[in-house]
Amino acid sequence: MSTQSSTKAFQEAQELIPGGVNSPVRAFKSVGGTPIFIGKGEGGHIVDIDGNKYVDFVQSWGPLIFGHRDESIEKAVIEAVKHGLSFGAPTLAETELAKLVVSFFDSIDKVRFVSSGTEAVMSAIRLARGFTGRDDILKFTGCYHGHSDALLVEAGSGAATFGTPSSPGVPADFTKHTLLAEYNNIESVKKCFEDSRDIACVIIEPIAGNMGLVPADKEFLLALRKLCDENGTLLIFDEVMSGFRASISGAESLVGVKPDILTLGKVIGGGMPVGAFGARAEIMNMLSPDGPVYQAGTLSGNPVAMAAGFAALSKLKKNSRVMAVLQERATRLVSGMKEAANSYGITMQTDVRGSMFGFFFNENEVKNFADAASSDAALFAKFHAGMLEEGFYFACSLYETGFISTATTDAMIEETIAASQKVFKAIKNG
Ligand SMILES: *Cc1c(COP(=O)(O)O)cnc(C)c1O
């Protein structure tokens, strides 16, 4: 397999763009390879600029639940483009998408659209602080909530990959209100509530996808809900990744725990840049122009992005079986890979939530970030490189979640398992 054009393109990009990429995790740093440059996508595949074809388990890091170039999303975007790219004034598409989004979740009455997950979470935190009149926030080690200052503390994924849990350029003053607790450990949360009487909100990925896939225990989320209620603290579910990915109606439908504020992104834009945050009316009415909490965006609710999101979500709405089918397929994938690994004496921990799958090369079960970090990174790097060479594109960090789409066929899953067999064998034989 030649990746000559990608290598050349990467060199050129590095001269003009820091690290050659516009988001750090794309740089393949943690697996030590050179990123491939993508020419096009088609269904469950991507094709690089050298013409190599790969089964895509990244799916743009989540958004493309119907795969590349889904016909109805593509058509909706092209139609919207013909009416104009942006107006900065209300359009019907925003209300249509809002109605659809709200219909999926019991916990939200109103929603506001932004252009990224980062923006959604940043705004949700401001709203929680404005609503409660408190300053402190509590987050969990290994959960990623975008790259805004106050949340860039022990933030998993890209940050963990680079060993910089917090970043230079973030003044200590900006994170002094950010308390940290350990995922799936309620005692560590109780301790934070003892330390501070001023916690505006607890923010959590109820199905964490940024330290690999590590779902929160139901009992943990129930206890978290109770602690928040007892302390007048809002509970924020950051479902930018898991929303419309782990289940159609959010983690709340899986675990029976409702958040006060919900943040969404990725799938909600069908591949276009969209984020959103929603809550019950009482909370959302605090937002400007109805209330005093300011939040705004020139391209928020962009009509082309709204059209893509509407096409994606209405397809999900019409086809409620889709998540069960995806879950079956993802389960087959990880159990097949695990079997292959085991047959060469390699231990693998696996998990699946809807169309999300995760695996760790670890002897022990993974319940939090420290567990995830104890996985075999060198083995992961070999697995990643081997699978890439075979034509299977996995996320280039052990701290990422894998995704399948409706275009990821059973045949592709079987091909992947067969390739993993070959790769594990090669790894075992050194
Ligand atoms: C991806 C992600 C974000 C950030 O979204 P961007 O669109 O990359 O800004 C926030 N929270 C979670 C849980 C995410 O997975």
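Any value given below was found using the heavy atoms of this structure, including those in side chains, with hydrogens, waters and symmetry copies removed. As the structure lists them, so they are numbered: ligands from 1, and atoms in each ligand from 1.
- If you run ring pair (Phe, Tyr, Trp, His ring centres under 6.0 Å) between Phe394 and each of Phe28, Tyr54, Phe57, only Phe57 comes through.
- Close approach to Asp238 involves these atoms of ligand 1, each under 4.0 Å from a residue heavy atom: 10 (C), 11 (N), 12 (C), 13 (C).
- Only the side chain of Glu205 comes within contact range of ligand 1, with a heavy atom under 4.0 Å; no backbone atom does.
- Between the side chain of Tyr183 and the backbone N or O of Ala208 there is at least one donor-acceptor pair closer than 3.5 Å.
- Looking at ligand 1, you won't find any N or O of Glu119 less than 3.5 Å from one of its N or O atoms.
- Residues passing the side chain to side chain donor-acceptor pair (under 3.5 Å) test with Glu94 are Thr91, sequence neighbours excluded.
- For the pair Asp371 (side chain) and Asn364 (backbone), a donor-acceptor distance under 3.5 Å is absent.
- At a heavy-atom distance under 4.0 Å, only side-chain atoms of Asn210, from C-beta outward, approach ligand 1.
- Residue Ser116 approaches ligand 1 through these ligand atoms, each under 4.0 Å from one of its heavy atoms: 7 (O), 9 (O).
- Nearest non-hydrogen protein atom to atom 3 (C) of ligand 1 is Val240 CG1, 3.6 Å.
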Inset, instruction - In sequence, state the C-alpha distance, the side-chain angles, and the governing distance for Arg280 and Lys258, and then conclude on side chain to side chain contact (heavy atoms under 4.5 Å, CB included). - result: CA-CA 11 Å; Arg280 57 182 185 270; Lys258 279 194 213 170; over 6 Å; no

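- A search for side chain to side chain donor-acceptor pair (under 3.5 Å) contacts involving Ser123 returns nothing, not counting sequence neighbours.
- Short contacts between ligand 1 and Thr118, defined as distances under 4.0 Å to a heavy atom of the residue, involve ligand atoms 4 (C), 5 (O), 6 (P), 9 (O).
- Put simply, part of Lys266 is less than 4.0 Å from ligand 1, judged by heavy atoms.
- Here Phe104 contributes atom CZ and Ser253 contributes atom OG; the two are 11.0 Å apart, rounded to the nearest 0.5 Å.
- Distance from atom 7 (O) of ligand 1 to its nearest protein heavy atom, with residue and atom name: Gly117 N, 2.8 Å.
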